[in-house]
Amino acid sequence: VASMTGKFVGIGRTRLSRYDEAQGAIICEYEWRNEIHDIPPLKGTVIPFGKDHPFYPPFVEEKKPYEAIADIATVPGLHSLPRVGVKALIDVPVYVAGRLWGLLGVDDCERARGWSESDIRLFRLVSGLLSGLLFRRFAEENLNRMSSLMEEAPQYTTYVNENGEFQYFNAGTSTLL
């Protein structure tokens with residue numbers, strides 16, 4: 001999805017970064033780089049992300065849907081981005097269950113540019129899809145964890161449907177025999 005979207009919009013890089021609240025950082029976990037640009041990789045990069053970061057208040061406190069910067073040079077606090085080839089960017093937060101999970105970012109590494117409404121809508125759509133997929137993954141992991149706890153519980157646990165039929169017995173049921 002990242003490479004297809006990046007090629008479609010004609011950008012230099014897409015990145016998916018996870019927010020580590022305990023560490024107070026954004027960690028780039030995935031990136032796609034357009035081969036026509038000679039830009040350094042960001043995967044594995046840890047960027048401090050606290051209240052002094054220009055995107056912390058809008059994404060963590062205000063829950064803004066995106067930040068689009070047409071020219072990085074005009075934004076205080078983003079001075080390190082030109083060193084990694086960024087001229088313009090869109091960052092879209094990925095929220096899972098109302099909390100910031102991370103950022104979907106797209107970088108134009110060729111020139112400063114204004115972002116069209118369709119560009120912004122596209123990346124917000126991709127962010128929404130990621131939010132839904134992550135929510136589902138976390139819900140399935142939680143369900144599997146709870147199922148495992150129920151199955152291994154030493155107490156007798158059953159489920160009886162509305163017709164009075166037994167639908168489930170856990171291993172603790174064997175203690176009754």
Side-chain angles (χ1 to χ4, degrees), residues 1-21 23-141:
V1 171
S3 66
M4 184 172 46
T5 306
K7 288 175 184 174
F8 177 75
V9 177
I11 56 171
R13 174 180 21 233
T14 58
R15 55 195 152 70
L16 183 61
S17 303
R18 182 180 44 83
Y19 174 47
D20 184 329
E21 189 172 2
Q23 191 175 343
I26 291 285
I27 302 152
C28 184
E29 293 193 340
Y30 175 82
E31 76 173 319
W32 167 84
R33 288 177 288 150
N34 191 327
E35 63 275 355
I36 66 170
H37 298 289
D38 183 26
I39 53 176
L42 290 180
K43 186 174 181 181
T45 302
V46 177
I47 300 165
F49 193 74
K51 292 184 185 287
D52 57 333
H53 189 283
F55 292 171
Y56 183 92
F59 292 156
V60 176
E61 297 167 358
E62 302 163 24
K63 306 261 193 252
K64 282 184 73 174
Y66 69 91
E67 284 288 333
I69 308 296
D71 185 356
I72 291 300
T74 65
V75 180
L78 299 179
H79 58 277
S80 65
L81 291 177
R83 284 183 283 177
V84 292
V86 180
K87 309 275 194 242
L89 67 76
I90 300 175
D91 273 355
V92 182
V94 177
Y95 295 108
V96 177
R99 295 183 54 92
L100 181 65
W101 177 88
L103 300 175
L104 170 67
V106 294
D107 304 331
D108 192 314
C109 299
E110 193 172 332
R111 62 183 161 69
R113 69 181 271 179
W115 298 97
S116 71
E117 272 303 309
S118 63
D119 292 340
I120 293 167
R121 271 188 257 131
L122 174 64
F123 294 117
R124 287 185 65 197
L125 173 67
V126 172
S127 173
L129 292 170
L130 287 169
S131 293
L133 290 169
L134 288 165
F135 181 82
R136 181 182 174 129
R137 185 182 101 192
F138 297 146
E140 286 174 355
E141 287 172 357

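As the structure is a computational prediction, the values presented were derived from the model and not from experiment. Position 1 is the first residue of the sequence; numbering continues from there.
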Check side-chain hydrogen bond (donor to acceptor under 3.5 Å, both in side chains) between [X] and all other residues, then give those that pass, not counting sequence neighbours.
X      : value
Glu117 : none
Glu29  : Arg18
Asp107 : Arg13, Arg15
Arg99  : Glu21

Any Tyr56 side-chain heavy atom under 4.5 Å of Leu100 side chain:
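Counting from C-beta outward, Tyr56 and Leu100 never come under 4.5 Å.
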
Give me each pair satisfying side-chain hydrogen bond (donor to acceptor under 3.5 Å, both in side chains) with a member in residues 34-53, each pair once, sequence neighbours excluded.
Lys51-Glu61

Residue pairs passing the side-chain hydrogen bond (donor to acceptor under 3.5 Å, both in side chains) test with at least one member in residues 119-134, sequence neighbours excluded, are Arg113-Asp119, Ser116-Asp119

Sequence neighbours excluded, which residues qualify as side-chain contact (heavy atoms from CB on, under 4.5 Å) partners of Ala68?
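side-chain contact (heavy atoms from CB on, under 4.5 Å) check on Ala68 returns Tyr66, Ile90, Trp115, Ile120.
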
Those residues at least two apart in sequence (or on a different chain) that pass side-chain contact (heavy atoms from CB on, under 4.5 Å) with Pro58 are Glu62, Lys64, Glu67

Distance-minimising heavy-atom pair for [X] and [Y]:
X      : Y      : answer
Asp108 : Arg111 : OD1-N, 3.1 Å
Ala70  : Ala88  : O-CB, 3.3 Å
Asp91  : Gly105 : OD1-CA, 3.2 Å
Cys28  : Ser17  : CA-OG, 3.4 Å
Pro54  : Pro76  : CG-O, 3.6 Å
Pro65  : Pro93  : O-CD, 3.2 Å

Please identify each residue that fulfils ring pair (Phe, Tyr, Trp, His ring centres under 6.0 Å) with Tyr95, with sequence neighbours left out.
none

Residues in salt bridge (Lys or Arg N to Asp or Glu O under 4.0 Å) contact with Arg83, at least two apart in sequence or another chain
none

So, taking the atom named [atom1] in [X] and the one named [atom2] in [Y], what distance separates them when rounded to the nearest 0.5 Å?
X      : Y      : atom1 : atom2 : value
Leu129 : Leu104 : CG    : CG    : 10.5 Å
Leu130 : Leu103 : CG    : CG    : 11.5 Å
Leu16  : Tyr30  : CG    : OH    : 9.0 Å

Output every pair passing salt bridge (Lys or Arg N to Asp or Glu O under 4.0 Å) with a member in residues 72-81, not counting sequence neighbours, ordered by first then second residue.
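Those involving residues 72-81 do not exist here.
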
Matching residue for Leu89 among Ile72, Val106, Ile11, Val75 - test: side chain to side chain contact (heavy atoms under 4.5 Å, CB included)
Ile72

Given the rule in the side chain to side chain contact (heavy atoms under 4.5 Å, CB included) test, do Ile26 and Phe59 qualify, once you have shown the distances and angles that lead to the verdict?
CA-CA 12 Å; Ile26 291 285; Phe59 292 156; over 6 Å; no

